[in-house]
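Note sheet for the following structure.
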2 protein chains.
Amino acid sequence: MGVFSKTCEYAMRAVFFIAHRTTAGERVGIREIAAGIDSPEAFLAKIMQDLTRRGIVNSIKGPNGGFYMDAASLKKPLSEVVLAVDGDGIFVGCGMGLEYCSAVNPCPLHNEFMEIRTRIQKMMQENTIGDFNEELNLGILSLKK
Amino acid sequence: MGVFSKTCEYAMRAVFFIAHRTTAGERVGIREIAAGIDSPEAFLAKIMQDLTRRGIVNSIKGPNGGFYMDAASLKKPLSEVVLAVDGDGIFVGCGMGLEYCSAVNPCPLHNEFMEIRTRIQKMMQENTIGDFNEELNLGILSLKK
DNA sequence: ATAATAAAAGATATATTTGTCTTTTATTTA
DNA sequence: TAAATAAAAGACAAATATATCTTTTATTAT
Ligand code: FES
Ligand code: FES
């Protein structure tokens, strides 16, 4: 287990990959995305269906079709991807699995964990998909292996 | 999904509960632990078997038997519980699921995620089970609901 | 219109996590 | 020694996450 589910990890990598590969209306196919982020193609296809339904990425069928992101999508914070796939558990949940996290009924990790959780939330909310993309464009960042 | 597996969450809560309930050679039974941390008894029993085999807690069978922790166990960092149950993934793994996390092949989250991960590691390594127990003894902390 | 392309949808399969039940072993008490 | 107690061990079951395969729908190009 990690901070995010495997499904969510694939989703984030795919979204970055699409953002990176599609400027000005270009599209990228599922096969290429899967190869680019090192994920099982059919499984990723399912994940993409979900992201598309939720409007996080856009898609067009048929020849020259594929996935792409418009300007509005690039302005969305990465947290939207996480929320869509994993829900808000990582942003609001108790570190030790108590039903609710609250200062009224705090678990032993509460104080420390709150700060960590806030930090995760910040990283996800204050950076847009487009922000990450700019760094990716510098060519030093990786989405596979 | 959270930062830790459900199994690990139960394990941490159980260890705290035992530390809290057993001073000077007293023991506490699995039923009482399960009730005290709000977990399924039979499942927790399995988790405890593992923790016992790994020497994180101690146990004695038969009447007046149960689980307990000696002074040495209380001095162990909480990270030992996490390592025993979930492995080191949360301490060393890549936030986006790349096979290895490294500065040589960094994912887009790498810099930010490294700091978060280090923070988690610190919380777990620099606090012993006994440390948490002292706070628990103040009676303001909770292990259930 | 037809054929080709590519995503969407639906059904199914596998693996892992979470959870339960029964039997066995160790220990204590009577 | 016999009965009672409590954890250990092993087998089994359910739920969820991960993964694959087939069919359908939308779009494009011929
Ligand atoms: S109650 Fe556990 S993190 Fe807040
Ligand atoms: S490479 Fe992803 S966190 Fe370090």
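For clarity, every value in this text was computed on a predicted model and none was experimentally measured. Per chain, numbering begins at 1; letters A, B, ... match sequence-line order.
Of the candidates D:dA19, C:dA9, D:dA8, the closest approach to any side-chain atom of A:Y10 belongs to D:dA19. Checking C:dT18, C:dA9, D:dA7 against the side-chain heavy atoms of A:R53 singles out C:dA9 as nearest.
The two residues A:I47 and A:A11 make their nearest non-hydrogen contact at CG2-CB, 3.9 Å. Residues A:L98 and B:R13 approach most closely at CD2-NE, 4.0 Å, considering heavy atoms. Scanning all heavy atoms of the two residues, the minimum distance from A:C94 to A:R117 falls at N-NH1, 4.3 Å.
In this model, the phosphate group of C:dA6 is not approached by any side-chain N or O of A:S59 to a distance below 4.0 Å at OP1 or OP2. Regarding contacts with the backbone of C:dA7, every side-chain N or O of A:T52 stays at 4.0 angstrom or more from both OP1 and OP2.
For the pair B:R13 CZ and C:dT18 P, the interatomic distance rounds to 12 Å; values are reported in whole Å. Note: CD1 (B:I47) to P (D:dA9) measures 15 Å, nearest angstrom. Rounded to an integer number of Å, the gap from CD of A:E9 to P of D:dT18 is 9 Å. At whole-Å resolution of the value, NZ in B:K6 and C1' in C:dT16 are 15 Å apart. The nearest whole Å value for the distance from the CE atom in B:M48 to the P atom in C:dG19 is 16 Å. Distance B:Y68 OH to C:dT27 C1': 13 Å, rounded to the nearest Å. Distance, A:Q49 CD to C:dG10 P: 9 Å, rounded to whole Å. To the nearest angstrom, C1' of C:dA9 lies 14 Å from CD1 of A:I30.
Residues passing the side chain to side chain donor-acceptor pair (under 3.5 Å) test with B:N105 are A:S142, sequence neighbours excluded.
Between the side chain of B:R31 and the main chain of B:E41, no donor-acceptor pair closer than 3.5 Å is present.
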Quick tally for nucleotides 20-30 of chain D: nucleotides whose base has a protein heavy atom under 4.0 Å get B, sugar-phosphate-only ones S, the rest -, giving B----BBBBS-
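Contact of the A:D50 side chain with the A:R53 side chain is registered, since non-hydrogen atoms from C-beta on lie closer than 4.5 Å.
Under a 4.0 Å N-O distance rule, the pair A:R21/A:E26 does not qualify as a salt bridge.
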